[in-house]
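To start, the structure under review is shown below, and the notes come after it.
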Amino acid sequence: MEKILLILLSMLLTSCDNKKLPGSLEQMSLKETEKEAIKGLQERFSNEIQTRANGENDPLGLYQILKTVEPSSLTTIEYYEFDKEDFYKAPSPENLIECLKPSDEAVIFMEKNNKGEDFRLDAVKRDGVWMIGKFGKDWQKNSPWFAEKEKASGTTFKMFKFYAYDYFMLEENGKISIYDGVGREQDLHRLTESFVDKMNRIKQRTSTSV
């Protein structure tokens, strides 16, 4: 089974221009979709940027960051859409990976530079408009497991969501690993079962409420 999973992951890694997140979070040129996302956020929140940046109404510093951020200083984690319904039709560890598809509807930005800025900013496209999905400062500082993994040379990060929960898929020394949002490694079989159980509960609640 592990050979099958490695083949599937290899297909995923080559489907997105072979872009990898370097261990040192080095600067890299952004893809057009990523540039569009930053520009879209700056245009969408232009009024807030002008009136609230670096003030009392910007306690997290979000608008100041949107005002001053240099796209060339950002790096990204490849985001994949998880097709839950296709997975649900034939749940298995292999199908879990097969149901991850590259997405242009979300971009996960990160920055950590010599000015001490450390944040994660998720941009999500809804009805053709870029919106802020999540923003948090000191994300890498508060996620030491991520910092440890990013230092491994050649480590490739892929991120997906299951409902509101973040998951990270990594290839480490030829092995596929999936971690939850706080860095706990997941057993693929148990993760498959937990996804099915969660979907069963949601579908049951939905059917009884109709």
Side-chain angles (χ1 to χ4, degrees), residues 1-16 18-23 25 75-110 120-125 133-136 139-209:
M1 184 190 76
E2 188 167 328
K3 288 184 177 180
I4 295 174
L5 292 175
L6 287 172
I7 292 172
L8 292 172
L9 183 59
S10 177
M11 293 171 64
L12 283 175
L13 298 179
T14 57
S15 66
C16 280
N18 292 317
K19 182 177 179 185
K20 292 186 176 183
L21 178 65
L25 281 180
T75 188
T76 62
I77 304 174
E78 292 283 1
Y79 182 76
Y80 278 65
E81 194 72 36
F82 180 49
D83 192 328
K84 298 187 294 293
E85 295 303 326
D86 272 1
F87 163 77
Y88 190 72
K89 294 174 184 176
S92 69
E94 297 87 349
N95 200 33
L96 190 157
I97 293 175
E98 282 188 323
C99 288
L100 294 170
K101 308 297 181 185
S103 174
D104 289 330
E105 301 297 306
V107 181
I108 314 301
F109 292 106
M110 297 180 66
R120 169 180 159 183
L121 173 62
D122 297 4
V124 182
K125 184 182 280 188
K134 177 187 287 186
F135 173 74
W139 190 80
Q140 294 178 73
K141 176 182 177 182
N142 295 326
S143 304
W145 70 272
F146 188 91
E148 291 172 5
K149 297 299 179 184
E150 77 185 11
K151 291 177 183 177
S153 176
T155 296
T156 302
F157 289 69
K158 304 293 178 186
M159 177 182 160
F160 67 97
K161 286 181 177 287
F162 181 66
Y163 294 102
Y165 298 99
D166 294 344
Y167 288 91
F168 298 86
M169 182 169 66
L170 315 177
E171 183 182 15
E172 304 171 276
N173 300 318
K175 175 190 173 185
I176 294 174
S177 302
I178 292 182
Y179 295 83
D180 64 12
V182 296
R184 294 174 297 200
E185 186 172 1
Q186 306 293 294
D187 178 87
L188 291 180
H189 289 281
R190 291 181 180 177
L191 188 63
T192 297
E193 293 174 359
S194 70
F195 280 9
V196 172
D197 288 343
K198 175 75 170 179
M199 293 187 71
N200 282 338
R201 291 195 299 270
I202 290 176
K203 288 178 180 293
Q204 185 176 14
R205 287 200 301 267
T206 302
S207 64
T208 56
S209 62

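Index from 1, following the sequence.
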Contact summary for [X] and [Y], nearest pair of heavy atoms:
| X | Y | answer |
| --- | --- | --- |
| Glu105 | Ser103 | N-OG, 3.0 Å |
| Tyr163 | Lys198 | CE1-CG, 3.8 Å |
| Ile77 | Lys158 | CG2-C, 4.4 Å |
| Cys99 | Phe87 | SG-N, 3.4 Å |
| Pro91 | Val196 | CB-CG2, 3.4 Å |
| Pro144 | Lys141 | CD-O, 4.0 Å |

[X] [atom1] to [Y] [atom2] distance, which is reported to the nearest 0.5 Å:
| X | Y | atom1 | atom2 | result |
| --- | --- | --- | --- | --- |
| Thr192 | Asp197 | OG1 | CG | 11.0 Å |
| Met159 | Met169 | CE | CE | 12.5 Å |
| Lys84 | Ile202 | NZ | CD1 | 8.0 Å |
| Asp180 | Phe162 | CG | CZ | 13.5 Å |
| Met110 | Ile108 | CE | CD1 | 10.0 Å |
| Glu193 | Asp187 | CD | CG | 8.5 Å |

Exercise for review: Give the C-alpha distance, both sets of side-chain angles, the deciding distance and a yes or no for side chain to side chain contact (heavy atoms under 4.5 Å, CB included) between Trp139 and Lys134.
Suggested key: CA-CA 11 Å; Trp139 190 80; Lys134 177 187 287 186; 5.8 Å; no

Check your understanding: Given Phe160, which of Phe168, Tyr80, Phe82 fulfils the ring pair (Phe, Tyr, Trp, His ring centres under 6.0 Å) condition?
Key -> Phe82

Point to revise | Close aromatic pair by centroid cut-off 6.0 Å: Tyr167 and Phe195 | key: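 Yes: the rings meet the under 6.0 Å criterion.
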
Point to revise | Cationic N near anionic O, under 4.0 Å, Asp86 to Lys101 | key: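 Salt bridge absent between Asp86 and Lys101.
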
**Study point:** Steps toward side chain to side chain contact (heavy atoms under 4.5 Å, CB included) verdict (Leu188, Leu96)
**Key:** CA-CA 9 Å; Leu188 291 180; Leu96 190 157; 5.5 Å; no

**Study point:** Backbone of Arg184 reached by a side-chain donor or acceptor of Gln186 within 3.5 Å
**Key:**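 Between the backbone of Arg184 and the side chain of Gln186 there is a qualifying donor-acceptor contact (under 3.5 Å).
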
Review point. Centre of Tyr88's six-membered ring, under 6.0 Å away, within 45 degrees of the axis: is that where NZ or CZ of Lys203 sits?
Key: yes

